[in-house]
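Report on the structure given below.
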Amino acid sequence: MPYDFAAIEAKWQEKWESEGTFYVNPDESKPKFYCLEMFPYPSGALHMGHLRNYSIGDLMARFLTMRGYNVLHPMGFDAFGLPAENAAIKYGVHPYEWTWNNIEKMTEQLKNMGCSYDWRRRITTCHPSYYRWNQWFFLKLYEKGLAYRAESPINWCPSCRTVLANEQVIEGGHCWRCGSEVTKRKLEQWFFATTKYAQELLDSLDDLPGWPENVKIMQRNWIGRSEGVRLKFEVPELEETLETFTTRVDTIFGVTYIALSPEHPLVSKIMALSPHEDAVGSFVQRVTNTNVTSARLQETEKEGVFTGFYAINPANGKSVPLWIANYVLMEYGTGAVMGVPAHDQRDFEFAQKYGIPIIWVVRPVDGDIEDMTRAFEEEGLSCNSGQFDGLTTSEALEAMANWAEENGFGKKEVQYRLRDWLVSRQRYWGTPIPVVYCDRCGIVAIPEEDLPVILPTDVEMPKEGSSPLPHLEEWINTTCPKCGGPARRESDTLDTFVCSSWYFLRFCSPWCDDKPFDDEVHYWMPVDQYIGGIEHACLHLIYSRFFTKVLADMGLVSFREPFINLLTQGMVIKDGAKMSKSRGNVVDPDDIIKRYGADTARLFILFASPPDKDLEWSDRGVEGAHRFLSRLWRYMEENIESLNNADPTPIAMDSLVEPDKRNLKRRIHKTIELVTRDIEVERQFNTAVARFMELFNEMNSYEPKDETDWSLLREAAETLVVCLSPFVPHICEELWDMLGHKGMVAKQSWPEVDPEALKEDEITIVVQINGKVRERLVLPAGLSEDEMVRRVFEDPKVQRRIEGLDVVKTIVVPDKLINLVVKR
RNA sequence: GCCGGGGUGGCGGAACAGGUAGACGCAGUGGACUCAAAAUCCACCGGUAUUUGGUACUGUGCGGGUUCGAGUCCCGCCCCCGGCACCA
């Protein structure tokens with residue numbers, strides 16, 4: 001019978017499901033292991049990236065189960081999101097229906113892959129039983145002051161018609177989801193106070209040795225901690241004190257102007273009082289009205305306007321002009337900066353353009369400022385700085401910060417680039433934010449016991465792509481829970497990243513209906529192995545860490561980091577580019593599974609490249625993987641009788657004499673050793689597959705002559721089937737069955753290495769002369785250095801090589817090589 | 001510009017800790033089987049030279065260095081990929 005993968009895969013998938021093979025519950029008698037892959041958005045169908053993600057996760061889950069762990073391996077759907085609304089408009093199908101159809105289809109696809117999930121735990125975030133807890137967490141954060149509503153300059157995606165969090169603006173100003181250019185707006189929105197956790201989010205990265213270094217670096221950059229000083233500048237004519245933040249307080253004597261952001265709160269007062277009122281007004285108007293996209297912000301030329309007012313430099317009492325400049329961001333620091341043209345390139349350009357003086361207050365250690373063509377930003381020695389002259393930059397930073405503090409015009413401060421997480425969205429298909437606006441009481445939170453606030457499903461989707469919620473009068477109009485008077489519901493919904501910030505907790509007890517999760521969370525959490533794409537380095541992975549820390553501070557969980565080990569898998573590439581519809585280089589997983597089977601697809605994906613690197617798709621490679629499975633199948637079928645008649649007890653190395661037999665025995669245990677290390681330590685599944693192929697090639701070419709041979713081949717076959725089963729589970733179940741076993745291979749223990757069997761009898765010793773390989777000698781393993789040297793010098797080939805030469809040095813690496821250093 | 005990661009056959013990729021470069025697979029070439037083809041099986045498969053059993057030289061982005069010995073370590077470049085980027 002040929003390898004009928006379709007029948008085999010259907011058979012075992014059905015068995016796994018009907019027998020509940022992968023159901024797990026807490027079990028204190030075993031070490032636990034929580035293996036999690038990032039759950040998908042139900043976009044309609046799995047793509048190759050999913051297939052890769054879930055093949056890796058399933059391999060790990062199955063492997064660890066065989067290693068004796070009690071493994072939680074769940075799956076669910078991140079089911080709120082904009083594509084459902086777009087589909088609704090495009091096809092006239094309700095987002096609810098579209099999403100649920102996709103979930104059913106994708107669940108089927110995941111089952112067809114043979115993934116070992118505990119499907120009883122499937123969660124879908126768009127279900128009220130899930131999103132009510134999003135609302136509950138929102139209320140908890142609101143109580144703690146960690147959720148707040150504020151007006152702020154924010155990012156707006158015109159195509160998605162919603163605001164975006166900072167993290168969700170990527171590639172220099174584009175929407176993470178649709179790629180449109182994002183514009184800046186000033187709106188009142190809901191935020192989660194991630195910045196309150198900035199320092200801990202940064203510090204505890206050091207407690208995550210199981211995370212890839214590059215992800216930690218990306219998060220460090222994203223959090224962007226910088227130490228500096230907050231300085232006060234008096235503006236006597238306005239009777240105001242301005243604050244600026246600087247990381248270069250050592251350049252304070254070089255301040256020649258102060259620049260405010262056009263959005264700075266003082267600007268309105270300035271406009272009212274300025275002698276250059278018209279110029280200032282028109283400048284501010286022009287800059288704030290230019291609906292500049294973040295992408296273009298960086299290329300915009302520096303511009304500014306003099307206000308007519310002067311600030312006093314507290315370091316030396318000098319008056320410096322007060323400007324308003326377009327390059328000062330309101331979102332960072334204080335929205336005002338001290339201008340030091342000599343030592344900041346941006347200030348330099350600005351000063352040159354407007355003829356502002358340049359005062360050098362740091363000079364290079366060796367030499368002088370000669371060329372005035374750009375700012376000197378490096379470290380050096382202070383000059384023109386009064387009593388601080390001659391200090392090195394690091395000394396000056398410390399001394400001048402202390403001086404500023406002692407004299408009351410400065411305070412050391414830490415600033416972060418990280419902003420608070422903007423969580424409200426002007427979208428329909430999301431979690432309703434559980435607050436109302438009451439004319440009398442203002443913002444009022446919905447009481448906990450009234451949750452969930454159900455997202456109305458009986459709605460007409462507006463054609464132009466906006467949310468129907470603000471116009472849904474019967475839903476919007478409600479009563480204030482506080483005073484009973486009329487109130488309007490919040491019509492914004494929560495960012496879908498809120499759903500994914502705690503779903504890993506919900507998997508521990510998805511049936512819990514009076515809490516977001518129950519005590520099982522203490523058994524399973526934290527996640528031992530998390531697997532997903534690197535694109536979430538500064539999105540989901542930061543939000544989840546933040547959520548976990550907040551929950552820990554609320555006493556709901558006892559750990560402060562959700563994911564102990566992280567594996568970020570590479571992209572799936574075809575013809576040198578990421579698979580995408582627009583490029584037309586997409587390969588559909590369904591087609592591959594239909595044509596070759598899930599086992600082939602999984603094997604190819606795991607074999608083609610290491611998990612953290614990009615994977616180049618190759619149709620030929622898929623055929624190669626399929627060929628291997630077919631050969632394995634054929635070999636087993638052809639030899640099944642002899643294998644089943646053979647003595648199933650493994651024969652000890654001691655009782656094997658002939659080299660062929662000893663070699664085969666050694667190969668079996670070498671394979672176990674190497675494959676175990678590949679999976680557990682190296683996380684290189686491609687090389688593990690190569691080892692299996694080597695073992696199989698050796699079995700296949702082995703010519704059995706007696707009972708012992710067949711017994712050895714049986715051990716080889718069983719080892720191969722057991723070890724290969726996390727990679728290609730269906731065919732291995734079938735082969736395990738053919739080998740006469742009753743239980744499932746999925747429930748087998750991972751084989752133990754017999755150290756006796758690993759010992760080599762003979763070793764090929766390399767003989768180098770002056771570092772070049774000249775001869776190879778087969779010698780018994782374990783010779784002493786002297787014995788090795790003696791045997792090498794006895795060898796006639798070696799003797800011929802060194803005839804007439806003077807061996808000045810002999811380097812010996814036992815059981816490996818000898819290098820003869822010779823002279824004429 | 002700053003910060004990461006990476007450059008190894010025709011291709012995907014191996015090479016634990018400085019010790020046989022190219023495991024495994026793909027493609028290719030030659031052969032077997034076949035009326036023929038596919039499938040399958042066997043052999044070869046970095047380059048150059050050659051007297052072709054074989055041998056020598058050369059070869060891991062480029063140029064230096066350390067070492068008995070370097071894909072691996074050090075110094076200086078080049079190129080590709082990713083992240084951040086008016087963050088004061």
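We use all heavy atoms of the structure for the numbers below, so side chains are in, but hydrogens, waters and symmetry mates are not. Labels below follow one simple rule: chain letters A, B, ... track the order of the sequence lines, proteins then strands, and each chain is numbered from 1.
Atoms CD1 (A:Ile534) and C1' (B:rC81) sit 12 Å apart, rounded to a whole Å. Atom CD of A:Glu682 and atom P of B:rA14 are 11 Å apart (whole Å). Counting to the nearest Å, the P atom of B:rA85 and the NE2 atom of A:His174 are 12 Å from each other. The distance between atom CD1 of A:Ile769 and atom P of B:rC68, rounded to the nearest whole Å, is 17 Å. Straight-line distance from the CG atom of A:Leu817 to the C1' atom of B:rA15: 15 Å, rounded to whole Å. Between the P atom of B:rA88 and the CD1 atom of A:Ile252 lies a distance of 17 Å, rounded to the nearest Å. Going from atom OH of A:Tyr332 over to atom C1' of B:rC86 covers 12 Å, rounded to whole Å. To the nearest angstrom, P of B:rG83 lies 14 Å from NE2 of A:His536.
In this structure the side chain of A:Asn700 reaches within 4.5 angstrom of the side chain of A:Arg631, judged on heavy atoms. Looking at heavy atoms from C-beta onward, A:Phe253 lies out of side-chain contact with A:Val362 at the 4.5 angstrom threshold.
Taking the ring centre of A:Phe409 as origin, the terminal cationic atom of A:Lys232 falls outside the region bounded by 6.0 Å and 45° from the ring axis.
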> Does the pair A:Arg667 and A:Glu698 meet the rule for a side-chain contact (heavy atoms from CB on, under 4.5 Å), with working shown?
Replying inline: CA-CA 8 Å; A:Arg667 168 69 67 188; A:Glu698 197 155 322; 2.8 Å; yes
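Within the 4.0 angstrom heavy-atom criterion, no nucleotide atom of any strand lies near A:Thr244. Contacts of A:Val813 with the nucleic acid, taken as non-hydrogen atoms under 4.0 Å apart, include base atoms.
Heavy-atom distances to RNA chain B give each of A:Val766 and A:Asp678 a nearest nucleotide, and the one nearer the 5′ end belongs to A:Asp678. Both A:Gly771 and A:Gln768 lie near RNA chain B, and the one whose nearest nucleotide falls closer to the 5' end is A:Gln768.
Atom P of B:rC16 sits at a distance of 24 Å from the matching atom of B:rC26, rounded to the whole Å. B:rC24 sits 40 Å from B:rC77 when the P atoms are compared, rounded to a whole Å. Of the P atoms belonging to B:rG9 and B:rG4, the separation is 27 Å, rounded to the nearest Å. Using P as the reference atom, B:rA23 and B:rG18 are 23 Å apart when rounded to the nearest Å. Across the C1' atoms, B:rG61 and B:rC2 are found 24 Å apart, a figure rounded to whole Å. For B:rA21 and B:rC45, the C1' atoms lie 16 Å apart once the distance is rounded to whole Å. Here, B:rG28 and B:rG10 have their C1' atoms 8 Å apart, quoted to the whole Å.
For the pair A:Arg230 and B:rA88, the criterion of a side-chain N or O lying under 4.0 Å from OP1 or OP2 is not met. In this model, the phosphate group of B:rG19 is not approached by any side-chain N or O of A:Lys816 to a distance below 4.0 Å at OP1 or OP2. In this model, the phosphate group of B:rA14 is approached by a side-chain N or O of A:Gln684 to a distance below 4.0 Å at OP1 or OP2.
The ring of A:Tyr596 has its center no closer than 6.0 angstrom to the ring center of A:Phe5. Between A:Trp176 and A:Phe497, the ring centre distance stays below 6.0 Å. Between A:Trp421 and A:Phe191, the gap from one ring centroid to the other reaches at least 6.0 Å.
Judged by distance alone with a 3.5 Å cut-off, a donor-acceptor contact links the side chain of A:Lys302 to the base of B:rC86. For A:Glu213 and B:rG4, a side-chain-to-base donor-acceptor distance below 3.5 Å is absent, hydrogens and geometry of angles not being considered. The base of B:rC68 is paired with the side chain of A:Asn819 by a donor and an acceptor separated by under 3.5 Å.
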> Using Watson-Crick and G-U wobble pairs whose two distances are both under 3.5 Å, how do you write the pairing of RNA chain B as dot-bracket, with | for links to another strand?
Replying inline: (((((((..(((......[....))).(((((.......))))).(((((...)))))..(((((..]....))))))))))))....
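A 6.0 Å sphere centred on NZ of A:Lys412 holds more than 12 heavy atoms belonging to other residues, nucleotides or ligands. Counting heavy-atom neighbours within 6.0 Å of A:Lys578 NZ, excluding the residue itself, gives a total of 12 or less. Heavy atoms of other residues, nucleotides or ligands lying less than 6.0 angstrom from CZ of A:Arg595 number 12 at most.
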Identify each atom pair where a protein N or O and an N or O of nucleotides 55-59 of chain B are less than 3.5 Å apart, giving names and distance.
{"from": "B:rA56", "atom 1": "OP1", "to": "A:Arg801", "atom 2": "NH1", "distance (Å)": "2.9"}
{"from": "B:rA56", "atom 1": "OP1", "to": "A:Arg801", "atom 2": "NH2", "distance (Å)": "3.4"}
{"from": "B:rC57", "atom 1": "OP1", "to": "A:Arg774", "atom 2": "NH2", "distance (Å)": "3.4"}
{"from": "B:rC57", "atom 1": "OP2", "to": "A:Arg774", "atom 2": "NH1", "distance (Å)": "3.1"}
{"from": "B:rU58", "atom 1": "OP2", "to": "A:Lys772", "atom 2": "NZ", "distance (Å)": "2.9"}

Side-chain atoms of residues 768-783 of chain A: list all donor-acceptor pairs with protein atoms under 3.5 Å, sequence neighbours left out, distances to 0.1 Å.
{"from": "A:Asn770", "atom 1": "OD1", "to": "A:Val822", "atom 2": "N", "distance (Å)": "3.0"}
{"from": "A:Glu775", "atom 1": "OE2", "to": "A:Arg801", "atom 2": "NE", "distance (Å)": "2.9"}
{"from": "A:Glu775", "atom 1": "OE2", "to": "A:Arg801", "atom 2": "NH2", "distance (Å)": "3.1"}

Without placing hydrogens or testing angles, list every side-chain donor-acceptor pair under 3.5 Å for residues 673-680 of chain A, not counting sequence neighbours.
{"from": "A:Thr676", "atom 1": "OG1", "to": "A:Ile672", "atom 2": "O", "distance (Å)": "2.5"}
{"from": "A:Thr676", "atom 1": "OG1", "to": "A:Trp750", "atom 2": "NE1", "distance (Å)": "2.9"}
{"from": "A:Asp678", "atom 1": "OD1", "to": "A:Thr687", "atom 2": "OG1", "distance (Å)": "3.4"}
{"from": "A:Asp678", "atom 1": "OD2", "to": "A:Thr687", "atom 2": "OG1", "distance (Å)": "3.2"}
{"from": "A:Asp678", "atom 1": "OD2", "to": "A:Ala688", "atom 2": "N", "distance (Å)": "3.2"}
{"from": "A:Glu680", "atom 1": "OE1", "to": "A:Arg67", "atom 2": "NH2", "distance (Å)": "3.1"}
{"from": "A:Glu680", "atom 1": "OE2", "to": "A:Arg67", "atom 2": "NE", "distance (Å)": "3.1"}
{"from": "A:Glu680", "atom 1": "OE2", "to": "A:Arg67", "atom 2": "NH2", "distance (Å)": "3.4"}

Distance-only donor-acceptor hits, side chain of residues 531-542 of chain A, under 3.5 Å, sequence neighbours excluded:
{"from": "A:His540", "atom 1": "ND1", "to": "A:Ser500", "atom 2": "O", "distance (Å)": "3.3"}
{"from": "A:His540", "atom 1": "ND1", "to": "A:Ser544", "atom 2": "OG", "distance (Å)": "3.2"}
{"from": "A:His540", "atom 1": "NE2", "to": "A:Tyr530", "atom 2": "OH", "distance (Å)": "2.6"}

>> What does the B/S/- profile of nucleotides 22-27 of chain B look like, 5' to 3', with a 4.0 Å heavy-atom cutoff to protein?
In response: -BBSSS
